[in-house]
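Notes follow the structure.
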Amino acid sequence: MDIKRILKKQITDRIKPQKVMLIYGARRVGKTLLLKEIFNEFKGKKIILNGESSDTVRMIADKSISNYKRLFAGIELLAIDEAQHIPDIGMKLKLLVDEIPGLSIIATGSSSFDLQNQAGEPLVGRCTRFMLTPFSIKELSEHQTSFEIISNIDHYLVYGNYPELISIESSSEQARYLTEIVDSYLLKDILAIDGIKNAQKMHDLLRLIAYQVGSEVSIDELGKSLGISRNTAERYLDLLQKVFVLYKLGGYSKNLRKEVTKSSKWYFQDNGIRNAILRDFRPFAERSDEERGILWENFIISERMKKKHNAMTNTNMYFWRTYDQQEIDLLEEDNNSISAYEMKAGKKIPKAPKAFSNAYPNAKYNVINRENFWDYLI
């Protein structure tokens, strides 16, 4: 099934001389395929390189204007896949777009370590960043009817939306595929970094987070449970964000002293990865109410995150809670406009907490359940 990525048009429309487009995302979400589609459809003179190739690294190792002009003069589009493997990639991309007239660059990377850290400062004003995620429900809706998606929603809640799952028919094979991602790819970027030696600690941390989705996480308790320092636990969580395994939501506050703002909640980018970490692919209907609530909340919040990234908006996302336990799962702030979302796996439609309504009378309050989720994801 050929599913068009929403970001494809966003990227294509921004291909301009002397500009760099950086496509980030977790491993196996389709960055290489997207890059090749854009590259193949580009009508000008072009060249594509693989950052994992020693030939590519050797070719552009000489950071001189004369070398780059010899290699790329007259090229209109340079595409580099897995660019994070190229040493000092940021400065090299800057030199290329500064010195080769008419050149546009698209680069992909499975982690933000090198691309963001090395490319961030050198490319200020020269680049646009794009975050590619697993398929969104909106992307799937272009190829499936609403009836099909709604009928299969329980499956997505358990197995997630990784692109390659589309071509795998049996649930057991899909579970095997997701387990392989967790075991072979998920932490590859992190474990390659000096100082990260204990893969088991990272897996154990992910298991603890998987059980606490939707709940506020205590970094101190995580550290004690794992036998590591608070600083190490914070560092691991930061790295897991940078390889696009987890999302973090902080607490929101504007004007109410009783609001909790220092805590954080963590969500997985994809339900399938969360369940693969726990080796738990039980059908959604067979799970407890608590477990169904966790999967539903993670699913909806990850879909809202995808919607934000695909539309390239500047929406800020938070959770909201007071010290007396009044809470809302998700707050989105855009241009000083606040929208609140409560996730319910059943059909309940609770009213907005009184403290929230009093503090933010102009905010929109929404409950996303199985009856109406389509309206909030498409």
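The side-chain hydrogen bond (donor to acceptor under 3.5 Å, both in side chains) search around Y267 returns E297, not counting sequence neighbours. Every side-chain contact (heavy atoms from CB on, under 4.5 Å) that K307 has, sequence neighbours left out, goes to R304. Checked against side-chain hydrogen bond (donor to acceptor under 3.5 Å, both in side chains), S339 has no partners two or more places apart in sequence or in another chain.
Shown here for S171 and H155, the closest heavy-atom pair between the two residues is OG-CE1, 3.6 Å. Closest approach of G214 to K265, counting heavy atoms only: O-NZ, 3.2 Å. Among all heavy-atom pairs drawn from L157 and N271, the shortest one is O-ND2, 2.8 Å. Nearest heavy atoms, L103 versus L96: CD2-O, 3.8 Å. Between V97 and Q18 the shortest heavy-atom distance is O-NE2, 2.9 Å. The heavy-atom pair separating V182 from I273 by the smallest distance is CG2-O, 4.1 Å.
Considering only heavy atoms from C-beta on, Y159 stays 4.5 Å or farther from N275 through its side chain. Side-chain contact between Y341 and M343: present, with at least one pair of heavy atoms (C-beta onward) separated by less than 4.5 Å. Using a 4.5 Å heavy-atom cutoff, the side chains of F268 and Y247 are not in contact. At a threshold of 4.5 Å between non-hydrogen side-chain atoms, the residues I228 and L205 do not count as touching. With a 4.5 Å cut-off on side-chain heavy atoms, P353 and I328 count as touching. The shortest side-chain heavy-atom distance between T315 and H309 does not fall under the 4.5 Å cut-off. Contact annotation: the side chain of I349 never approaches that of K344 to less than 4.5 Å [non-hydrogen atoms, C-beta and beyond]. Side chains of F319 and L331 form no contact here, defined as non-hydrogen atoms less than 4.5 Å apart.
Counting only residues at least two apart or on different chains, no salt bridge (charged side-chain N to carboxylate O under 4.0 Å, His left out) pair has a member in residues 357-368.
No donor-acceptor contact under 3.5 angstrom links the side chains of D220 and S218, judged on distance only. With no hydrogens or angles considered, a side-chain donor-acceptor pair links Q200 and D204 at under 3.5 Å.
L33 and I11 fall into different hydrophobic clusters, where Ile, Leu, Val, Met, Phe, Trp and Tyr residues are linked whenever their side-chain heavy atoms come under 4.5 Å apart, directly or through other members.
Around the CG atom of N358, the shell of radius 6.0 Å holds more than 12 heavy atoms that belong to other residues, nucleotides or ligands. More than 12 heavy atoms of other residues, nucleotides or ligands shown are found within 6.0 angstrom of CD on Q325. Other residues, nucleotides and ligands contribute at most 12 non-hydrogen atoms within 6.0 Å of the NZ atom of K138. Summarising the local packing, CG of D13 is surrounded by more than 12 heavy atoms from other residues, nucleotides or ligands at distances under 6.0 Å.
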All N/O donor-acceptor pairs, side-chain side in residues 365-378, below 3.5 Å, sequence neighbours left out:
unit_1: Y365; atom_1: OH; unit_2: P350; atom_2: O; d: 3.2
unit_1: Y365; atom_1: OH; unit_2: K351; atom_2: O; d: 3.4
unit_1: N366; atom_1: OD1; unit_2: Y376; atom_2: OH; d: 3.4
unit_1: N366; atom_1: ND2; unit_2: A340; atom_2: O; d: 3.0
unit_1: N369; atom_1: OD1; unit_2: E371; atom_2: N; d: 2.9
unit_1: N369; atom_1: OD1; unit_2: N372; atom_2: N; d: 3.2
unit_1: R370; atom_1: NH1; unit_2: D154; atom_2: OD1; d: 3.0
unit_1: R370; atom_1: NH2; unit_2: D154; atom_2: OD1; d: 2.7
unit_1: N372; atom_1: OD1; unit_2: N369; atom_2: N; d: 2.8
unit_1: N372; atom_1: ND2; unit_2: V367; atom_2: O; d: 2.8

Distance-only criterion, 3.5 Å: show the donor-acceptor pairs between side-chain atoms of residues 47-65 and protein atoms not counting sequence neighbours.
unit_1: N50; atom_1: OD1; unit_2: E52; atom_2: N; d: 2.8
unit_1: E52; atom_1: OE2; unit_2: H85; atom_2: NE2; d: 3.4
unit_1: S53; atom_1: OG; unit_2: D55; atom_2: N; d: 3.1
unit_1: D55; atom_1: OD1; unit_2: R58; atom_2: NH2; d: 2.4
unit_1: T56; atom_1: OG1; unit_2: N50; atom_2: O; d: 2.9
unit_1: D62; atom_1: OD1; unit_2: S64; atom_2: OG; d: 3.2
unit_1: D62; atom_1: OD2; unit_2: S64; atom_2: OG; d: 3.3
unit_1: K63; atom_1: NZ; unit_2: D88; atom_2: OD2; d: 2.3
unit_1: S64; atom_1: OG; unit_2: S66; atom_2: OG; d: 3.4
unit_1: S64; atom_1: OG; unit_2: N67; atom_2: N; d: 3.2

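Ring orientation note: the planes of W320 and F356 are nearly perpendicular, at an angle over 60° on the 30°/60° scale. Using bins of under 30°, 30° to 60° and over 60° for the plane-to-plane angle, the ring pair W296/F299 lands in the tilted bin.
Under the 4.0 Å criterion applied to side-chain N and carboxylate O atoms, E234 and R230 are assigned as salt-bridge partners. Between D280 and R287, at least one side-chain N (NZ, or NE/NH1/NH2) sits under 4.0 Å from a carboxylate O, which counts as a salt bridge. Under 4.0 Å is where a charged nitrogen must lie from a carboxylate oxygen, and between D289 and R292 at least one such pair does. A salt bridge links E139 with R5: the distance from a Lys NZ or Arg NE/NH1/NH2 to an Asp or Glu carboxylate oxygen falls below 4.0 Å. Under the 4.0 Å criterion applied to side-chain N and carboxylate O atoms, K224 and E221 are not assigned as salt-bridge partners.
The distance from atom OG1 of T232 to atom NZ of K201, rounded to the nearest 0.5 Å, is 10.0 Å. Atom NZ of K94 and atom CD1 of I89 lie 14.0 Å apart (nearest 0.5 Å). Distance check, rounded to the nearest 0.5 Å: OH of Y211 to CD1 of I294 gives 10.0 Å.
Remark: R28 fails to qualify as a cation-pi partner of Y162 under the 6.0 Å distance and 45° angle criteria applied to the six-membered ring.
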Checklist entry - Is there a side chain to side chain contact (heavy atoms under 4.5 Å, CB included) between N316 and Y252 once you walk through the steps? => result CA-CA 10 Å; N316 295 313; Y252 181 84; over 6 Å; no

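Judged purely by atom type and a 3.5 angstrom limit, E303 uses its side chain to pair as donor or acceptor with the backbone of I137. Remark: side-chain polar atoms of Q269 are not paired, donor with acceptor, to backbone N or O of L246 under 3.5 angstrom. Checked by atom type and distance alone, the side chain of Q144 never pairs as donor or acceptor with a backbone atom of S141 at under 3.5 Å.
Of the candidates K8, K9, K4, E37 forms a salt bridge (Lys or Arg N to Asp or Glu O under 4.0 Å) with just one, namely K8.
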